[in-house]
Amino acid sequence: MTRGSTRRQVLAALAALGVAGCAIRRGVKARVVIVGGGFGGASCARALRDADANIDITLVEPNTRYLACPLSNLVIGGWRSLEQQSFSYGALQARGIRVLATRAADVDPVARTVTTATGATLPYDRLVLSPGVSLDFDGLPGYDAAAAKLMPHAWSAGAQTLLLRRQLEAMPDGGTFAIVAPDNPYRCPPGPYERAAVVAYYLSQSKPRSKVLILDAKDRFSKQSLFLSEWRRRYGKQVEWQGRSDGARVVRVDAIAGQVETEFDTVRADVTNVIPPQRAASIAVRAGVADASGWCPVDAATFESTLQRDIHVLGDAAIANAMPKSAFSAQAQGRLTATQILSFFNGLPPVSTKLINTCYSYLAPESAISIADVFAPDGQRWRAVSGAGGVSALDATPEDRRGEADAALRWFDTATVGAFG
Ligand code: FAD
């Protein structure tokens, strides 16, 4: 199975189902409410609308503009602006999707309604939850919203991204920029390591006596050999990674004192970027679709919650097993969920398909690496298809790395048009 044919299959399924039209009850429009206008929710809304003009689609999202996380590390590195990360919901509205700029406050899975923070009650035939993650402030003692103002996470794009950038710019030469990386699972597995490279690039240009220190709660991470090799080759001793076996897991944060405690030591850096543990956003708990792990179990083929009927959960909030919590995955899951909802409305069986994911990571402004995988539903689990994926070559040429940096930008443009265009 090639990447192209997987995508074609999904698109073909959508097109076929779109022709069939929407027929949940004679003369009554089917109602889909989508909570969360990020990569998963917006892509699902767009795919549903493209496939069927007759469904009543409501997207509930409190922000009037979406600030995308992919490429936001480059804002911290100083060669991309936050404005380039910002997208409006105008195009979705122009497509006839009702966009409500409010928060979903509650879900009644029995009455099949969503209540918004403004007090509106939205009935649905199918509900899609793609609310992303909440930072788990209970998961790392000492780290909370107040601490995040001193030691930013920058794990949602916006004010936190700019704060971390300002702290990096203000850091003296000879200083240390510490990144506290969480254990799995969390949003964007390669993200902390891309950030290390991007910050190291800035330091190599502007503060050559400074270093990046990664304090990791785990021993293995995405694209590990590639990152370790490229950090060493490009930035030498400016990047130091310490894993769990080195005692580097951070167990307590004291933001006022400007230090973190690892299992082995107390570390005081000039800038500390704490990426805390995460769980599904709180509306998932309100809706009763999160389990004790804090994440949402779903039927692999349909992304329907295994805990509540008629509710689909996708993107970062869902347990999609081998599929990483990425925008690429969330978009693929959003499109597949649209297909499955159309199947349901048309009395057809769920479509069976594979999904792909590619995650690009920058090493410097014109250099990137990637990891790609194909995933197949296998019972209740998404499994990686053996031999179908791969990572960039360790010994790739600078031109290859530049090609991947260009591909990363093209992917971002295509993905954001697919979600918000
Ligand atoms: P989100 O995109 O977070 O969207 C969730 C939306 O739900 C938000 O807009 C939120 O406001 C809304 N919401 C939450 N609660 C409610 C509620 N109660 N009511 C209404 N709306 C609600 N992925 C990649 O594929 N490639 C990359 O290169 C990449 N780089 C990254 C770099 C960084 C630094 C980070 C942090 C992440 C990166 N990611 C990347 C991961 C990617 O951003 C996420 O996986 C993706 O955004 C998940 O999409 P989602 O729809 O699940 O959640």
Side-chain angles (χ1 to χ4, degrees), residues 33-45 58-77 85 87 89 99-107 114-118 122 128-135 152-158 160-161 164 179 182 185-196 198 222 273 275 278 280-287 295-296 303 313-318 320 323-334 337 356-362 368-372 407-409 411-412 415-416 419-420:
V33 174
I34 299 172
V35 172
F39 277 97
S43 302
C44 182
T58 303
L59 178 64
V60 185
E61 164 61 55
N63 301 305
T64 52
R65 294 193 74 84
Y66 179 73
L67 290 171
C69 284
L71 306 189
S72 67
N73 280 335
L74 314 191
V75 178
I76 296 164
Q85 300 295 111
F87 299 88
Y89 295 99
V99 180
L100 298 184
T102 181
R103 178 166 289 278
D106 213 347
V107 174
V114 174
T115 310
T116 69
T118 48
L122 310 172
V128 176
L129 296 179
S130 187
V133 298
S134 287
L135 301 177
H153 51 79
W155 221 238
S156 50
Q160 280 275 311
T161 315
L164 192 57
I179 299 176
Y186 64 97
R187 156 176 287 184
C188 193
Y193 314 99
E194 176 189 63
R195 182 169 290 175
V198 163
S222 175
N273 166 213
I275 304 166
Q278 293 144 46
S282 53
I283 189 67
V285 178
R286 299 285 308 175
W295 303 100
C296 306
F303 284 91
V313 189
L314 53 96
D316 288 354
M323 287 194 87
K325 297 188 186 301
S326 72
F328 199 120
S329 294
Q331 181 158 68
Q333 295 166 7
T337 300
I356 59 169
N357 176 73
T358 305
C359 279
Y360 297 96
S361 301
Y362 275 81
I369 52 179
S370 67
I371 183 167
L409 288 179
W411 165 74
F412 184 81
T416 49
F420 309 104

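Note that these values count all heavy atoms, side chains included, but never hydrogens, waters or copies made by symmetry. Indexing begins at 1, ligand by ligand and atom by atom, following the structure's order. The chain is numbered in sequence order, starting from 1.
For a heavy-atom separation below 4.0 Å, the residues in contact with ligand 1 are Val35, Gly36, Gly37, Gly38, Phe39, Gly40, Val60, Glu61, Pro62, Asn63, Tyr66, Cys69, Pro70, Ser72, Asn73, Arg103, Ala104, Ser130, Pro131, Gly132, Trp155, Arg187, Cys188, Arg195, Ile283, Gly315, Asp316, Lys325, Ser326, Ala327, Phe328, Ala330, Tyr360, Trp411.
Taking 4.5 Å as the limit, every side-chain heavy atom of Gln333 sits out of range of all side-chain heavy atoms of Phe39. Proximity of Leu71 to Tyr360: side-chain heavy atoms (C-beta onward) are nowhere separated by under 4.5 Å. Counting only heavy atoms from C-beta outward, the side chains of Phe412 and Gln85 approach each other to under 4.5 Å. Between Trp295 and Pro185, some side-chain heavy-atom pair lies under the 4.5 Å cut-off.
A distance of 11.0 Å separates CG in Asn63 from OG1 in Thr102, rounded to the nearest 0.5 Å.
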Go through the steps for Ile275 and Arg195 under the test side chain to side chain contact (heavy atoms under 4.5 Å, CB included), then give the verdict.
CA-CA 11 Å; Ile275 304 166; Arg195 182 169 290 175; 4.2 Å; yes
